[in-house]
Amino acid sequence: MEKLSIKEKKLEAINLNVFYGAKQVLKDVNIAIKANTVTAFIGPSGCGKSTFLRTFNRMNDYVEGFRKEGDIIVDGKDIYQKMIRVEELRKKIGMVFQKPNPFPKSIFENVAYGLKIQGIKNKKLIEETVEKSLKQSALWDEVKDDLKKSALSLSGGQQQRLCIARALALEPSILLMDEPASALDPISTAKIEDLIWELKQKYTIVIVTHNMQQAGRISDNTAFFYMGDLVEYDETKKIFTNPEKERTQNYITGRFG
Amino acid sequence: MTSADKNRIKDKAFEYVGMACTFFGLFMLVIFLGDILMTGIEKIDMDFLSNFPSSRARKAGIYPAWTGTLWILGLTAIIAIPIGIAAGIYFEEYAKKSKMANFLEINLANLAGVPSIIYGLLGLQIFVRTLNFGTSLLSGACTLALLILPVIIVSTREALKAVPDSIRQASYGMGANTWQTIWHQVLPASAGGIITGIILAISRAIGETAPLIVVGAATFITNVPDSPMSDYTVLPMQIYSWIGMPDKEFAKSAAAGIIVLLLITFVLNGIAVFLRNRWQKKVKW
């Protein structure tokens, strides 16, 4: 894999160790992620990939017993420094969760929420942002006539695209996706994958997935985790055709998982 | 007889015993209600609701008692609701992990089980004497507020707990802080449960007599309360004093008082049930 210059690095982990209480869940992980790429984190359950994803927007702060060593750098800044305001950080880094989790409010309110908590009251601006975000997440045509409807009345796939729209409304530069399609049917999954492909133009996307084919289809680079180790990180093509490590080979060919 | 037969008989037997136990409780309640209604219903009219207590049973009414009960309810609610909800939120959303919170939590559970007369003694010392509120509505309401605070805190926590964590995560993930998450997401989603808990707590406060005796609710009073510093009586006190009268006519007045008290309680519980159902329909996870 090509070496990235400092400017090209969007996200970076340096000698990262993560513990939950006494248990070490990530061991000396080093990675650098280039802007406007899709990076897939793969690996068996419990390998630490979701935990790793969540260190980039500090969602692990709420987990009891969480502790880390090493640094996480976003846009050249160490985000675990005391001066960093975690709310500001998360506006820059959108997150989409495994299970669609829309707020029990209207579709409009879901997308407008991020602006609302920033204290933005300009109605026109909010309406424009909602429309733009829903268009970006390819949901606009399906919901434009009933934005007042409860978000919970949407199908699972629509809900997940709503959650993506909600994240996009804040105009982040990074999107973290934690198995965004694992709770969805194949058609909805395909829509989400198309969407990720398009969003790559503007966003740096990191996606955790259990689905090998999905990782192969949508990502530029793939990182394989096993038991807290980053075993291999390379271009997706290389990982899937000619991995360097035997463990990676065994995993992607389905010999264990 | 096979063991399967035996088990089946046991199963059936328990079903009938359980049914009998259920009906026993209901049956007693029906007899009690029937008795009260037969005795008291004839007394209930405008005069009964608008007259002051009197030594002559025919003229005696519950005007000061029901107004006193409503005053007490209102004041208790005003004092207990904000404190209870705030404490519940603190416990559930902020203090989750600390040792201090654990310690407080155990004590809170204990407080909910303290006999109400003890709260009366506490109220007497703190509100009546130290803070010098005297035997006023305010003393009574503060005392009852203390009494129902643990109930409100616990039910608020339960309602907050019922809100799935994924909602909080989504909100945090969008850059909201804890307070914004609580205010915009968690509270609206749990409002139904919180309100239900509050109403049930308050309807418990209605029936309390013991602590109010201690903090000086009157049994005979000739004016209606007009401020939180007024002297007062409440329905249970009035009923209690009538039951002790030698004149049998007063037993009817007591029964009528019980009907009014029950009505207020049923209305409050009805509102609670209504809100809970409405809330459950609106929010499905």
Side-chain angles (χ1 to χ4, degrees), chain A residues 53-54 56-66 85-106 109-119 133 150-153 159-160 162-172 174-178 183, chain B residues 89-106 156-196 275-285:
Chain A
L53 186 78
R54 283 157 185 257
F56 288 114
N57 65 344
R58 294 185 49 175
M59 287 298 280
N60 289 324
D61 291 11
Y62 304 104
V63 180
E64 216 178 322
F66 169 80
R85 293 211 15 217
V86 70
E87 290 85 11
E88 295 296 327
L89 173 75
R90 293 190 187 130
K91 280 171 202 160
K92 207 163 69 178
I93 307 183
M95 182 154 199
V96 179
F97 297 81
Q98 182 170 2
K99 259 182 70 188
N101 56 353
F103 301 124
K105 301 183 172 221
S106 74
E109 281 177 281
N110 262 276
V111 186
Y113 181 64
L115 301 177
K116 194 167 144 190
I117 56 174
Q118 286 189 61
S133 311
S150 166
L152 299 175
S153 67
Q159 285 188 7
Q160 196 61 305
L162 178 67
C163 291
I164 295 174
R166 185 171 71 181
L168 297 182
L170 285 166
E171 302 189 331
I174 299 159
L175 264 187
L176 305 177
M177 301 179 131
D178 191 355
Chain B
I89 290 175
Y90 171 74
F91 267 119
E92 199 52 39
E93 306 288 332
Y94 286 95
K96 255 179 182 170
K97 286 150 221 158
S98 68
K99 282 203 175 125
M100 177 76 171
N102 258 338
F103 173 76
L104 288 175
E105 191 170 359
I106 294 167
T156 299
R157 292 190 60 188
E158 291 304 319
L160 295 176
K161 232 180 244 169
V163 177
D165 225 29
S166 62
I167 295 297
R168 294 183 184 86
Q169 298 244 337
S171 180
Y172 290 138
M174 302 191 63
N177 59 28
T178 309
W179 173 246
Q180 286 172 324
T181 301
I182 292 168
W183 182 250
H184 291 296
Q185 302 300 342
V186 180
L187 275 183
S190 59
I194 293 175
I195 295 169
T196 308
L275 286 173
R276 188 168 49 210
N277 289 344
R278 224 184 78 141
W279 173 62
Q280 274 171 351
K281 251 179 238 146
K282 216 177 80 188
V283 181
K284 273 196 199 113
W285 307 109

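What you see is a predicted model; the values in this text were computed from it and never measured. Proteins come first, then strands; the chains are lettered A, B, ... in the order of their sequence lines, and each starts at number 1.
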Check whether any side-chain heavy atom of A:Y113 lies under 4.5 Å from a side-chain heavy atom of B:Q185, and answer yes or no. yes
Note, A:P104 side chain near B:I167 side chain (heavy atom, < 4.5 Å): yes
Ignoring hydrogens, what is the shortest heavy-atom contact between B:H184 and A:K105? Give both atom names and the distance. O-NZ, 2.7 Å
Let me check something: any side-chain donor-acceptor pairs from residues 93-102 of chain A under 3.5 Å, sequence neighbours excluded? List them with distances.
{"unit_1": "A:Q98", "atom_1": "NE2", "unit_2": "A:S182", "atom_2": "OG", "d": "3.4"}
{"unit_1": "A:N101", "atom_1": "OD1", "unit_2": "A:R166", "atom_2": "NH2", "d": "3.1"}
{"unit_1": "A:N101", "atom_1": "ND2", "unit_2": "B:S166", "atom_2": "O", "d": "3.0"}

To the nearest 0.5 Å, what is the distance between [atom1] ([X]) and [atom2] ([Y])?
{"X": "A:F103", "Y": "B:T181", "atom1": "CZ", "atom2": "OG1", "answer": "7.5 Å"}
{"X": "B:Q180", "Y": "A:K116", "atom1": "CD", "atom2": "NZ", "answer": "10.5 Å"}
{"X": "A:L115", "Y": "B:M174", "atom1": "CG", "atom2": "CE", "answer": "8.0 Å"}

